[in-house]
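These notes are about the structure you will find just below.
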Amino acid sequence: MTHQTHAYHMVNPSPWPLTGALSALLMTSGLTMWFHFNSSTLLILGLLTNSLTMYQWWRDVVRESTFQGHHTAVVQTGLRYGMILFILSEVLFFAGFFWAFYHSSLAPTPNLGGYWPPAGINPLNPMEVPLLNTLVLLASGVSITWAHHSLMEGNRKHSLQALLITISLGIYFTLLQTSEYLEAPFTISDGIYGSTFFVATGFHGLHVMIGSTFLTICLLRQLKFHFTSKHHFGFEAAAWYWHFVDVVWLFLYISIYWWGS
Amino acid sequence: MLRSLPVLRQIAQRTISTASRRHFENKVPEKQKLFQEDNGIPVHLKGGVGDALLYRATMILTVGGTAYAIYQLAMASFPKKQA
């Protein structure tokens, strides 16, 4: 058996990049079939194969790291850079939607009435559920920091409790926001206000769900003793992502909910 | 067995917790042995039969789905004229 003389990770050939790319094709063509031909078969197939790919790909990363020990210090450094760059790309993604919001709200056109919020729009009261949502996410930032410290101190019970609290707060936010969406007096088709509001908050909500899922995976892995007090990058990546989601909400709250009302 | 007070206090406060009682035993060493076995099997199949089944299912769905997508594209490209 040959042994490598470097600390980098040469992965085994994997089918998941191919299935992932094909699932992207199925999701996009599926959306087209759903929009234009009222058929959801391709879309469902796309979502299913996408989920299967993600599950197996990340399962393999856990095997390569926790079970095979391939995540040396230099490999972990690469993963840190990768996660940071990914989050940076997401920041730019949201920047676009904030640009759109400010473009329309700083100089409201005559057909909106020349003011913001536009004529006919009753914005949500920022001191009601949106404020609660802000407190929920801020609290979840505290609990995830507690979870991290507990993890580093080797306190298994506390790390599990704190992670569970964080996830619960994330789910609570999602439920509150869903209720707000259902009760809102305006819709996505209510002009540029509706578009900017629902696209920006909608993508944020999606990221809350993704973050909550990532944290749940961390909870399961911590239950299964995968993390050590010194090596738990998966958890750190989830924590960074979660803080990013929190910060995006703060910007949304200040800009759209508060200033924009 | 009930000879010491600390035990009674522990039972009263329900602070007993052992990994086995909560069904979470550390199985990582077993997994490490399984996945480090020198058998040449790639990591995505190394877990056992379940891996192969899941892989096959994923492949069939993605490749089959791609064929279906191309078929739908062909159908959409040549709309049927109304009689």
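A quick note: this is a predicted structure, and the numbers were derived from the prediction, not measured. Letters A, B, ... mirror the listed sequences (proteins, then strands); counts begin at 1.
We find the CD-NE2 distance between B/Gln36 and A/His70 to be 8.0 Å, quoted to the nearest 0.5 Å. Atoms CG and OG1, from B/Leu73 and A/Thr32 in turn, are 9.5 Å apart once rounded to the nearest 0.5 Å. Rounded to the nearest 0.5 angstrom, B/Thr66 OG1 and A/Leu22 CG are separated by 4.0 Å. A/Asn12 CG to B/Leu45 CG: the interatomic distance, rounded to the nearest 0.5 Å, is 9.5 Å. A/Thr41 contributes atom OG1, which lies 4.0 Å from atom OH of B/Tyr68 (distance to the nearest 0.5 angstrom). With values rounded to the nearest 0.5 angstrom, B/Thr58 atom OG1 is found 8.0 Å from A/Leu48 atom CG.
Applying the 6.0 Å contact sphere to CG of B/Asn39 captures more than 12 heavy atoms from other residues, nucleotides or ligands. Heavy atoms of other residues, nucleotides or ligands lying less than 6.0 angstrom from OH of B/Tyr55 number 12 at most. Enclosure of atom OH in A/Tyr55 is not indicated, since only 12 or fewer non-hydrogen atoms of other residues, nucleotides or ligands lie within 6.0 angstrom. Residue A/Trp146 qualifies as enclosed at atom CH2: its count of foreign heavy atoms under 6.0 Å is above 12. Few gaps surround CZ on B/Phe35; more than 12 heavy atoms of other groups in view lie less than 6.0 Å from it.
The shortest distance between side-chain heavy atoms of A/Lys224 and B/Lys27 does not fall below 4.5 Å. No side-chain heavy atom of B/Phe24 sits less than 4.5 Å from a side-chain heavy atom of A/Gln222.
For A/Ser29, the part sitting under 4.5 Å from any heavy atom of chain B is the side chain, from C-beta outward, and nothing else. Contacts of A/Trp16 with chain B are made by side-chain atoms alone, with heavy-atom separations under 4.5 Å and no backbone atom involved. If you measure heavy-atom distances from B/Lys46 to chain A, the contacts under 4.5 Å come from both the backbone and the side chain.
For the pair B/Thr62 and A/Leu26, the tightest heavy-atom approach, listed with the atom from each and the gap, is O-CD1, 4.1 Å.
Listed options A/Leu45, A/Leu18, A/Leu42 were ranked by heavy-atom pairs under 4.5 angstrom with chain B; first place goes to A/Leu42. The residue among A/Thr53, A/Asp60, A/Leu25 with the most heavy atom pairs within less than 4.5 Å of chain B is A/Asp60. Comparing A/His226, A/Arg59, A/Met33, A/His36 by how many heavy-atom pairs each has under 4.5 Å with chain B, the most go to A/Arg59.
Using modelled atom types, no side-chain atom of A/Gln56 and backbone atom of B/His44 make a donor-acceptor pair closer than 3.5 Å. No donor-acceptor pair under 3.5 Å is formed between the side chain of B/Asn26 and the backbone N or O of A/Phe225. Not one N or O on the side chain of A/Gln68 forms a donor-acceptor pair closer than 3.5 Å with the backbone of B/Gln32.
Ion pairing of A/Arg63 with B/Asp51 is present here, as a side-chain N (NZ or NE/NH1/NH2) and a carboxylate O approach within less than 4.0 Å.
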